Amino acid sequence: MTETLTQFEPDSDRLLVLQECMDNYDVGSDDAEWPNNILSRKTIVFGSGLIARRGEVVQHRVDASELKLCKRLSEDVCEIMVGSEVGMGSESGDPFRAFFIAANVDDEVPERITADLIRSKFRGTLFPPVTITVEPLEESGIWWSEVLYDASDYDDDEKEECLTPWRSMIQWFHKASELSSPVFVRIGDPSALESLQSDQYPVGTEITGSVLPRMAVALSRNGSLIGISGYVVRT
């Protein structure tokens, strides 16, 4: 008989995956939600990976075996990217970390990962005008062109060394029998953020955030999001 977990506390390790995207870097008021950041300063993350705003009432009904699967697979794919920076044109050198949002047992299982699904999983914590780009996890599209950008000045051997972990990560997702619909998600496009007019800002926003989440994720059979997450810094 499976065990359903109904009690989770805010988890500092799970929050760490997203922490830099919440920091306003001393711009604007600390009381504002998005003074200079993409994720609300009220963001909390529970041990199940569920993302919410501080004070929000949430329901946890997570199958214990599903949570175990989320932890195992996210750590496995993260291990592939150890030693590789997110890069993608970032002005900072930062790693990917294990990421998951375990589904509740009574959640509807989505057929695929869309921008609307990602926004819903972040439960109102994302900077409201931010764009979300979801692309197939393959060697094409905007996301892959940004990966290639980092290797553009390398000779052939160096380029291959740079791209090997990325290609291994892509292959891992496509071979993982417990997962489907692997995608790469870009939350926040620098050009789109720069073009926003101030009258489109939420109350309290001084400037648009420059620490932008990037993640490779797929769906479990029960609808959990599982993969890796990092960020790029684009000022």
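Values below: every heavy atom of this structure, side chains too, minus hydrogens, waters and symmetry copies. Just so it is clear, the structure is predicted and the values come from calculations on it, not from any experiment.
- Among residues two or more places apart in sequence or in another chain, the salt bridge (charged side-chain N to carboxylate O under 4.0 Å, His left out) test is passed with E178 by R72.
- Listed by chain and number, the residues in a side chain to side chain contact (heavy atoms under 4.5 Å, CB included) with K71 are L67, E75, F100 (sequence neighbours excluded).
- Atom-to-atom distance recorded for S120:OG and D116:CG is 7.5 Å, nearest 0.5 angstrom.
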N/O donor to acceptor pairs below 3.5 angstrom from side-chain atoms of residues 202-209, sequence neighbours left out:
{"residue": "T205", "atom": "OG1", "partner": "W34", "partner atom": "O", "Å": "2.7"}
{"residue": "T205", "atom": "OG1", "partner": "P202", "partner atom": "O", "Å": "3.4"}

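- Between I38 and the choices I187, V211, T125, L18, the side-chain contact (heavy atoms from CB on, under 4.5 Å) rule is met once, by I187.
- Take D26 and apply the salt bridge (charged side-chain N to carboxylate O under 4.0 Å, His left out) test, not counting sequence neighbours, and it matches no residue.
- Here the CG atom belonging to L117 is positioned 11.5 Å from the CD atom belonging to E111, to the nearest 0.5 angstrom.
- For the pair L137 and A216, the tightest heavy-atom approach, listed with the atom from each and the gap, is CD1-CB, 4.1 Å.
- Annotation: ring-ring contact (aromatic ring centres under 6.0 Å, His included) contacts involving residues 181-224, sequence neighbours excluded, comprise W143-F184.
- The nearest pair of heavy atoms linking S220 to L69 is CB-CD2, 4.1 Å.
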- Trace of the side-chain contact (heavy atoms from CB on, under 4.5 Å) decision for I113 with I118: CA-CA 7 Å; I113 299 172; I118 295 297; 3.8 Å; yes
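- Within 6.0 Å of CZ in R112 there are 12 or fewer heavy atoms belonging to other residues, nucleotides or ligands.
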- Verdict with reasoning, N104 to V62, per side-chain contact (heavy atoms from CB on, under 4.5 Å): CA-CA 5 Å; N104 281 339; V62 177; 3.5 Å; yes
- Message: Go through it in stages, so that I can follow the logic: the residues are L148 and E139, the test is side-chain contact (heavy atoms from CB on, under 4.5 Å), and I'd like the CA-CA distance, side-chain angles, deciding distance and then a yes or no.
- Response: CA-CA 10 Å; L148 292 178; E139 293 182 37; over 6 Å; no
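- Note: the hydrophobic cluster containing F127 does not contain V27 (ILVMFWY, side chain heavy atoms under 4.5 Å, direct or indirect links).
- There is a path of hydrophobic side-chain contacts, each under 4.5 Å, that joins V58 to F8.
- Contact detail for N24 and P35: the closest heavy-atom pair is CB-CG, 3.4 Å.
- Side-chain contact between M81 and P95 is absent, with no heavy-atom pair separated by less than 4.5 Å.
- Summarising the geometry of C162 relative to Y154, their closest heavy-atom pair is CB-CE1, 3.7 Å, with the distance given to 0.1 Å.
- Residue pairs satisfying the side-chain hydrogen bond (donor to acceptor under 3.5 Å, both in side chains) criterion with at least one member in residues 77-89, sequence neighbours excluded, are absent.
- V217 and F173 get closest at one heavy-atom pair: C-CE2, 4.0 Å.
- With sequence neighbours excluded, the residues satisfying salt bridge (charged side-chain N to carboxylate O under 4.0 Å, His left out) with R123 are E56.
- Between the CZ atom of R97 and the OG atom of S74 there is a distance of 13.0 Å, given to the nearest 0.5 Å.
- Atom CD1 of residue I51 and atom OG1 of residue T43 lie 7.5 Å apart, to the nearest 0.5 angstrom.
- The two atoms that bring V45 and R14 nearest to each other are CG1-CB, 3.5 Å, heavy atoms only.
- The number of heavy atoms from other shown groups lying within 6.0 Å of CG (D106) is above 12.
- Rounded to the nearest 0.5 Å, atoms OG (S40) and CZ (F122) are 12.5 Å apart.
- To the nearest 0.5 Å, atoms NE2 (H60) and CG (L50) are separated by 6.0 Å.
- Crowding of Q19 atom CD: a count of heavy atoms from other residues, nucleotides or ligands under 6.0 Å exceeding 12.
- Atom CD of E161 is surrounded by 12 or fewer heavy atoms from other residues, nucleotides or ligands within 6.0 Å.
- D189 pairs by the side chain to side chain contact (heavy atoms under 4.5 Å, CB included) definition with T131, R186, S191, A192, not counting sequence neighbours.
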With a 3.5 Å cut-off and sequence neighbours excluded, list the donor-acceptor pairs that the side chains of residues 221-235 form with protein atoms.
{"residue": "R221", "atom": "NH2", "partner": "S177", "partner atom": "O", "Å": "3.1"}
{"residue": "N222", "atom": "ND2", "partner": "E66", "partner atom": "OE1", "Å": "2.8"}
{"residue": "S224", "atom": "OG", "partner": "E66", "partner atom": "OE2", "Å": "2.6"}
{"residue": "S224", "atom": "OG", "partner": "A103", "partner atom": "N", "Å": "2.8"}
{"residue": "Y231", "atom": "OH", "partner": "D94", "partner atom": "OD1", "Å": "3.0"}
{"residue": "T235", "atom": "OG1", "partner": "E91", "partner atom": "OE1", "Å": "2.6"}
{"residue": "T235", "atom": "OG1", "partner": "E91", "partner atom": "OE2", "Å": "3.2"}

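- Applying the ring-ring contact (aromatic ring centres under 6.0 Å, His included) test to pairs two or more places apart or on separate chains, those with a residue in residues 74-99 are F96-W166.
- Within the structure, no pair that satisfies the ring-ring contact (aromatic ring centres under 6.0 Å, His included) test touches residues 9-32, not counting sequence neighbours.
- R53 meets the salt bridge (charged side-chain N to carboxylate O under 4.0 Å, His left out) test with E33; sequence neighbours excluded.
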